[in-house]
Enquirer: 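Provided herewith is a single structure, encoded as structure tokens, for subsequent inquiry.
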Amino acid sequence: MARYLLKRLGQSIVLLIIVSMIGFFMLHLTPGGPLSQYALTPGMTQETIDRIAEQMGLNRPLPVQYLDWVWRLVQGDWGESYRDNQPVLSVIGRHLFATLLLMGSSTAISIGIGTWIGIRGATHRYSAFDYVATVGAMVALSIPTFWFGLVGIYIFSLELGWLPAGNMYEIGNGSFLDYLHHLIMPSVVLALVNIAIWSRYMRTATLDVINQDFVKTARAKGVSERRVLMKHVVGNALLPMITLAGMQLPNLLSGALVTETVFTWPGMGRLFLDSLGYNDYPVVMGLLMFSAILVLLGNLIADLISAAIDPRIRLS
Amino acid sequence: MTETTLDTPSHRWWNSRALSRFMRHRLAIIGTAMLLLLTLACFAGPHLLAYDELFIDLRARFSPPLTGDHYLGTDPMGRDITARLLVAGQTSLLVGFFAMILSTLIGTVIGVVAGYYGGRVNAALMRFVDAFLAFPSIFLLLALAAFINPSPVMITVIIAVTSWMEIARIVEAEVKSLRERDFVMAGRMLGLSNTHIMFRELLPNMVGPIIVAATLTVARAILLEAYISFLGYGIQPPLPSWGNMLNGAQQYLDSAPWLAIVPGITITIAVTSFNFIGDGLRDAFDVRSEPT
């Protein structure tokens with residue numbers, strides 16, 4: 001296990017380095033780049049822009065700028081927000097909880113419903129249920145998340161008045177139930193796409209397991225169908241789902257960004273969009289890197305959990 | 001040598017087993033029909049309408065669908081939604097189509113090169129693919145879109161730049177499984193160049209998986225355009241796109257819900273069509289269903 005851990009850790013660090021290069025060079029090579037905020041200011045002369053570029057060290061060769069930037073990144077100095085001069089890391093930190101809360105509750109919903117649909121689809125293969133689930137998943141994957149959110153707001157907030165149309169809590173309230181009330185719609189909206197993905201993969205994984213010898217043996221020994229399913233099939237089919245959860249992280253974050261925008265949810269996605277609006281370059285860059293690090297970390301944890309459960313993975 | 005002729009009764013493509021399997025796939029046929037209708041409507045429809053997409057009918061602002069002579073109603077400026085929806089469809093479909101072409105090109109070249117050369121080249125290129133996959137695509141897209149001139153061409157390019165990785169992975173896996181085959185060895189012995197073997201001998205054997213992935217990439221590209229245009233960083237008005245028609249819709253959700261409902265349903269229909277077709281093609285070409 002220690003060898004596997006070291007190997008995976010090494011791979012993650014290599015990936016992290018490449019990720020930082022892609023992030024840095026892509027944003028610095030796009031026309032405009034970090035100075036776009038100043039270029040749009042009225043009365044700004046080229047000389048002033050050049051002076052600002054010199055002050056910010058942007059006239060140095062790109063590789064030098066990159067190394068400088070990485071060195072400060074490693075030390076925890078992610079720069080300061082143009083908007084309020086707060087350190088970027090603490091700005092992100094303040095928005096992290098809301099996003100994790102949204103992603104967590106939405107994942108719980110999608111895993112619960114998705115695995116159930118997937119297992120039922122596999123055990124009742126080619127039934128009406130399976131067919132509806134298959135077509136339903138394809139349609140669900142085609143619905144833009146933000147539009148599903150708008151429809152949800154229209155029906156449940158504006159027409160029925162059951163759920164709030166946005167924000168994380170009522171000002172002056174903020175009790176647990178209040179949070180929950182505000183959490184329901186955004187997490188269901190974010191869960192839709194993931195229910196579709198989980199149910200598809202779970203169906204495939206269950207079908208893979210269901211035909212294996214140990215399942216047939218269990219049946220032949222007279223183990224009840226229910227016990228075979230719960231104990232032998234589901235447990236083994238869920239294993240690849242851990243890796244899938246890690247792989248789905250970037251999509252989940254993308255979805256969270258869009259959902260947060262529609263529901264004015266005070267998380268990282270909203271922060272990202274607000275910062276874009278202000279051309280708050282350090283925060284945009286910081287969030288881009290932070291989300292990629294979060295993804296790499298999630299993948300690493302998912303792989304380590306799978307390896308801890310299944311010796312075949314760490315020994316191969 | 002370059003065509004898999006074993007399982008086809010004749011060289012004619014319309015006799016191929018893949019086509020007959022596709023034709024028996026009910027969802028794929030529904031998808032194809034919906035897509036043809038939609039494309040026809042978007043490209044021919046605007047010429048048949050009484051209003052163009054920019055005409056402002058001040059007396060008919062906010063008219064709901066099926067009232068007066070605006071079939072799907074008007075927007076807050078009094079522009080005809082039907083006309084805007086169809087012209088927007090041209091933009092969105094073209095952006096989706098060309099983003100697919102570009103990302104398929106990038107993904108195929110990287111995948112073929114990585115798979116064929118193996119070793120260090122493969123390791124370097126595939127780590128590059130993995131690193132790109134670590135970015136949540138919408139974060140990367142928005143960051144790029146915010147710093148460039150958001151013309152339809154640039155939007156297409158940045159969507160392609162963030163969606164080629166899937167195809168690269170599929171192609172790399174295929175090439176790896178094929179590169180030790182006899183026909184590749186024969187090619188090497190004949191003294192064919194690596195480029196010739198990669199793109200003239202190997203590539204034709206992977207047309208199936210590439211077409212399947214490309215179809216699903218169109219679906220993805222249309223959705224991505226809708227996301228960034230909805231957020232205000234994609235296609236810019238007055239040029240309509242399905243995404244930017246939804247841009248202002250949230251603030252009128254109470255008074256004019258059709259502003260949100262009409263373009264949203266259209267996007268869903270378009271994307272569903274591509275997903276149905278992709279599913280049919282997957283069965284037709286017998287590509288393993290979910291890559292793991």
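Note that the structure is predicted; figures quoted are calculated from it, not measured. Atom set for the values below is all heavy atoms of this structure, side chains included, hydrogens, waters and symmetry mates excluded. Chain A is the first sequence line, chain B the second, and so forth, proteins listed ahead of strands; every chain is numbered from 1.
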Enquirer: State, yes or no, whether a side-chain contact exists between B:Leu133 and A:Pro250 at a heavy-atom distance under 4.5 Å.
Expert: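 No - every pair of side-chain heavy atoms lies 4.5 Å or more apart.
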Enquirer: Determine the option with the most heavy-atom pairs under 4.5 angstrom with chain A, choosing from B:Phe274, B:Phe276, B:Phe135.
Expert: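 That would be B:Phe135.
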Enquirer: For B:Leu253, which atoms come within 4.5 Å of any heavy atom of chain A: side chain, backbone, both, or neither?
Expert: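 Contact with chain A: backbone and side chain both.
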Enquirer: Checking heavy atoms, do the side chain of A:Tyr154, its backbone, both or neither come under 4.5 Å from chain B?
Expert: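 For A:Tyr154, the contact with chain B is made by backbone and side chain together.
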Enquirer: Measure the shortest side-chain to side-chain distance between B:Leu140 and A:Met26 over non-hydrogen atoms and say whether it is less than 4.5 angstrom.
Expert: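 In short, these two side chains touch, coming nearer than 4.5 Å.
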Enquirer: Pick from A:Ser142, A:Ala256, A:Pro144: which one has the most heavy-atom pairs with chain B under 4.5 Å?
Expert: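 Heavy-atom pair counts peak at A:Ser142.
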Enquirer: With chain B as the partner chain, list the residues of residues 132-141 of chain A whose heavy atoms fall under 4.5 Å from it, by residue number, and write 'none' if nothing qualifies.
Expert: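 Listed by number: A:Val135, A:Met138, A:Val139, A:Leu141.
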Enquirer: Heavy-atom distances under 4.5 Å only: say whether B:Ala219 touches chain A with side chain, backbone, both or neither.
Expert: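 Contact with chain A is absent: no heavy atom of B:Ala219 under 4.5 Å.
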Enquirer: First locate atom CH2 of B:Trp242, then atom CH2 of A:Trp147, and finally report the distance between them rounded to the nearest 0.5 Å.
Expert: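 Interatomic distance, B:Trp242 CH2 to A:Trp147 CH2, rounded to 0.5 Å: 13.0 Å.
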Enquirer: Please flag which part of A:Leu158 lies under 4.5 Å from any non-hydrogen atom of chain B: side chain, backbone, both or neither.
Expert: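 When you check distances to chain B, only side chain atoms of A:Leu158 fall under 4.5 Å.
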Enquirer: Quick check for you: among B:Ile222, B:Ile269, B:Ile158, B:Leu223, which has the greatest number of heavy-atom pairs under 4.5 Å with chain A?
Expert: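 Most heavy-atom pairs within the cutoff with chain A belong to B:Leu223.
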Enquirer: Kindly compute the distance separating CD1 (B:Ile267) from CZ (A:Phe146), expressed to the nearest 0.5 Å.
Expert: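 Atom-to-atom, B:Ile267:CD1 and A:Phe146:CZ are 5.0 Å apart.
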Enquirer: For the residue pair B:Pro136 and A:Ala292, what are the closest heavy atoms and their distance?
Expert: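 Closest pair (atom of B:Pro136, atom of A:Ala292, distance): CD-N, 4.5 Å.
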Enquirer: Given heavy-atom pairs under 4.5 angstrom as the criterion, report whether the side chain, backbone, both or neither of B:Leu142 touches chain A.
Expert: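 Both parts, backbone and side chain.
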Enquirer: For the residue pair B:Ala134 and A:Val19, what are the closest heavy atoms and their distance?
Expert: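 Residues B:Ala134 and A:Val19, closest heavy atoms: CB-CG2, 4.0 Å.
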Enquirer: Among residues 86-97 of chain B, which residues come closer than 4.5 Å to chain A, judged by heavy atom distances?
Expert: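 Contacts with chain A: none.
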Enquirer: With a 4.5 angstrom heavy-atom cut-off, which part of A:Leu150 approaches chain B: side chain, backbone, both or neither?
Expert: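 Contact with chain B is through both the backbone and side chain of A:Leu150.
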Enquirer: Sort A:Thr145 into side chain, backbone, both or neither according to what part of it lies under 4.5 angstrom from a heavy atom of chain B.
Expert: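 Both backbone and side chain.
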Enquirer: So, for A:Leu276 and B:Ala143, which heavy atoms are closest and what is the spacing to 0.1 Å?
Expert: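 Distance-wise, the nearest heavy atoms are CD2-CA, 4.3 Å.
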Enquirer: If you draw a 6.0 Å radius around CZ in A:Phe156, do more than 12 non-hydrogen atoms from other residues or ligands fall strictly inside?
Expert: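 12 or below, so no.
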Enquirer: Could you tell me which non-hydrogen atom of A:Ile22 sits nearest to which non-hydrogen atom of B:Ala131, and how far apart they are?
Expert: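 That closest heavy-atom pairing would be CD1-CB, 3.8 Å.
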Enquirer: Any side-chain heavy atom of A:Leu257 sitting closer than 4.5 Å to one from B:Leu231?
Expert: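 Yes; the side chains approach each other to less than 4.5 Å.
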Enquirer: Which one of A:Leu296, A:Leu294, A:Ile293, A:Val262 has the most heavy-atom pairs closer than 4.5 Å to chain B?
Expert: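 Heavy-atom pairs under 4.5 Å are most numerous for A:Val262.
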Enquirer: Between B:Asp279 and chain A, with a heavy-atom cut-off of 4.5 Å, which part of the residue counts as in contact: side chain, backbone, both or neither?
Expert: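 Contact with chain A is through the side chain of B:Asp279 alone.
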Enquirer: Considering all heavy atoms of both residues, which atom of B:Tyr233 and which atom of A:Leu273 are nearest to each other, and what is their separation?
Expert: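 Shortest heavy-atom contact: OH-O, 4.1 Å.
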Enquirer: At a heavy-atom separation under 4.5 Å, does A:Tyr131 approach chain B through its side chain, its backbone, both, or neither?
Expert: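 Side chain only.
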Enquirer: Say you draw a straight line from OG of A:Ser254 to CG of B:Leu224; how long is it, rounded to the nearest 0.5 Å?
Expert: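 The OG atom of A:Ser254 sits 8.0 Å away from the CG atom of B:Leu224.
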Enquirer: For A:Ile143 versus B:Tyr227, what's the shortest heavy-atom pair and its separation?
Expert: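 Heavy atoms only, the tightest pair is O-OH, 4.3 Å.
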